[in-house]
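Below you'll find the structure, written out as structure tokens, and then a few comments.
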Amino acid sequence: MLPLTQPRISTEIPGPLSQELLKRQADRESNARSYPRRLPIAVARAEGSLIEDLDGNVFLDCLAGAGVLSLGHGHPELVAVAERQMKTFVHGLDLPTQVKDDFVEEQLSMLPEPMRRSTRIQFCGPTGANAVDAAVKLCKTYTGRGDIVSFQGGFHGSTHAAMALTGLVEQKSPIANGMPGVHFFPYSSCHRCPLGLRRESCDTNCATYLERSLEDPNGGVDKPAAVILELVQGEGGVIPADPEFVRRVREVTRELDIPLVVDEVQTGCGRTGTWFAFEQYGIEPDVVIASKALSGMGLPAAVIMYDERLDTWAPGAHSGTFRGNQMAFATGAETIRIVRRDDVLGNVRARGAQLTARLDALRERCAWVADVRGRGLMLGIELADPETGERASALAGEVQAHALREGLILELGGRDDCVVRLLPPLVITEAEADFAADVLDRVLARLTVRPARP
Ligand code: PMP
């Protein structure tokens, strides 16, 4: 089989073989399936940043397994490590192994120096949502309190508790009796301020509102067990938190002895240009949640790392059969070594800057691009009607579909999916980043040529 070298489209999308599998899937799998509805391809194989479908079409993958494949598909060194480990020992519950010890060592070495020494790590069932649940349970156990503060627009997963912390009203409303005691506060979404303010005239009032509510004896909110925060809201539309907002959230939670949980499921493992996004905000959280890209190649793993004073759990307090994926640990430790050796974080920053410059230029040319934002290789463009300011969700859907037909896989996010998202592997090359920007450029020019809405 020839190696995949560049995007190449040779059939309609979906091609005939993909169509057949998509139909078989629709006949047998649940109605909750999501990605194939907007990215209708059946995958045959993948290498690096490229995916080939059953019909021989090759796409640049700017979704990367929803931000999982930091070193791309099938990184040869990771494949070799995983193969070796598969033949040695695979499923370890939470028994100690050398490979797990190595993984812990490497993970902790990525934390800033003062935190590193007082951090405990808990291996969770291997999804981000399970780790979110674990963090909530830990904070409830430590504080003896029951309420949680979360932020509007946030996404924390699809289990009962993680979904309760998530902003998506439509997804939550069919589920009666979700986890109670969740209070939503406004996030620093400055492009569309939830308090109706403008950047120039605001005093980070979203932080003021949180501070006053938590401190007000008549505020109606019981002192919570935790405040949970994404430093860049990913599914919520790639919204980096305002630094002053984060600083003040940290300050008030510290003053009131409320554990601050940062959900770095998506922003972690180098995605934003530093190993964790919180490093860029100059804060130390009490709990860090990491999952998606921990193994570097899509093998499931999830952890919470927290200050040792919180470690009030009894033995077995957060158990789970699949917490000991030795292949993920082996490739995870190797990923960190490769990230250091190859300066992958440098590539994230360089490619992030390159793409941001291209998207900013696109904004100058296309009035429908209302905002360009993100950190590192977690980028998004919000589309809106230039006349009314309304979110242009239909256009975003069209952009995604047209880009796919030109060999580019993109994600959508944000309110009503009006944000076109780029979440490529962290090893995306300069030429690949240019390809992504070229496609977006062409597609947006084509779709917005007439002022009428598409
Ligand atoms: N937290 C955040 C910030 C996420 O982006 C996601 C997944 N998109 C999750 C939690 C849930 O992770 P998982 O899908 O692995 O349960």
Side-chain angles (χ1 to χ4, degrees), residues 32-35 38-39 62-70 122-139 148 150-168 171-172 179 182 184 187 189 226-241 246 260-272 276-278 281 285 287-305 318 320 322-323 325 328 332 374-380 410-415 417 419 421-424:
R33 67 193 186 287
S34 56
Y35 288 105
R38 296 197 311 226
L39 297 168
C62 282
L63 174 55
V68 163
L69 299 147
S70 48
Q122 162 74 24
F123 288 83
C124 303
T127 65
N130 188 272
V132 168
D133 279 24
V136 167
K137 286 165 56 184
L138 178 76
C139 295
I148 309 285
S150 190
F151 292 96
Q152 292 166 354
F155 183 90
H156 298 287
S158 288
T159 58
H160 232 78
M163 194 173 260
L165 301 167
T166 291
L168 292 164
Q171 283 187 11
K172 291 198 294 187
M179 180 175 74
V182 183
F184 284 91
Y187 186 77
S189 313
V227 170
I228 185 164
L229 174 69
E230 280 171 279
L231 293 163
V232 183
Q233 286 189 338
E235 307 304 316
V238 199
I239 309 177
V246 173
L260 175 63
V261 179
V262 293
D263 180 344
E264 295 243 20
V265 168
Q266 194 161 144
T267 50
C269 307
R271 171 62 54 192
T272 65
F276 295 107
F278 74 78
Y281 285 90
V287 184
V288 182
I289 307 173
S291 176
K292 284 187 189 288
L294 276 178
S295 73
M297 67 174 308
L299 296 171
V303 297
I304 56 173
M305 288 171 280
H318 191 76
F322 289 106
R323 289 177 301 141
N325 184 342
R375 293 269 187 280
L377 284 173
M378 189 169 172
L379 298 168
L410 296 167
E411 170 66 312
L412 299 182
R415 267 77 171 178
D417 281 337
V419 177
R421 304 186 55 197
L422 292 135
L423 212 59

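This is a predicted model, so every value here is computed, not measured. Atoms within each ligand, like the ligands themselves, are counted from 1 in listed order. Quick note: residue numbers are just sequence positions, from 1.
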CE of M163 to CZ of F155, rounded to nearest 0.5 Å, is 6.5 Å
the protein heavy atom lying closest to atom 9 (C) of ligand 1 turns out to be V265 CG1, 3.7 Å
Inset, instruction - Return yes or no for this condition: an N or O of G157 is under 3.5 Å from an N or O of ligand 1. - result: no
field: Test item, K292 contacting ligand 1 (heavy atom, 4.0 angstrom)
entry: yes
**Asked** Do any nitrogen or oxygen atoms of E235 lie less than 3.5 angstrom from nitrogen or oxygen atoms of ligand 1?
**Response** yes
Atom 16 (O) of ligand 1 has as its nearest protein heavy atom A129 N, 2.8 Å
Non-hydrogen protein atom less than 4.0 angstrom from atom 13 (P) of ligand 1 = yes
- Message: Any nitrogen or oxygen of S291, side chain or backbone, less than 3.5 Å from one on ligand 1?
- Response: no
The atoms of ligand 1 lying under 4.0 Å from a heavy atom of D263, numbered in the order shown, are 1 (N), 2 (C), 3 (C), 10 (C)
Per side chain to side chain donor-acceptor pair (under 3.5 Å), T159 is matched among N130, D133, T127 by D133
A student checking ligand 1 against T127 at a 4.0 Å heavy-atom cut-off should list atoms 15 (O), 16 (O)
message = Surrounding CZ of F322 (heavy atoms of other residues, nucleotides or ligands, distance under 6.0 Å), is the total greater than 12?
response = no
OG of S189 to CZ of R415, rounded to nearest 0.5 Å, is 5.5 Å
shortest atom 5 (O) of ligand 1-to-protein heavy-atom contact is with Q266 NE2, 2.7 Å
Here the gap from H156 atom NE2 to S150 atom OG, rounded to the nearest 0.5 Å, amounts to 3.5 Å
Salt bridge flag under 4.0 Å for residues E264 and R271: no
Please test E235 against Q266 for side-chain hydrogen bond (donor to acceptor under 3.5 Å, both in side chains), starting from the C-alpha separation and ending with a verdict. CA-CA 9 Å; E235 307 304 316; Q266 194 161 144; 2.9 Å; yes
Between the CG atom in L229 and the CG atom in L260, the distance rounded to the nearest 0.5 Å is 6.0 Å
Atom 15 (O) of ligand 1: closest protein heavy atom, distance to 0.1 Å, is G128 N, 2.8 Å
For E230, the ligand 1 atoms with a heavy-atom partner under 4.0 Å come out as 3 (C)
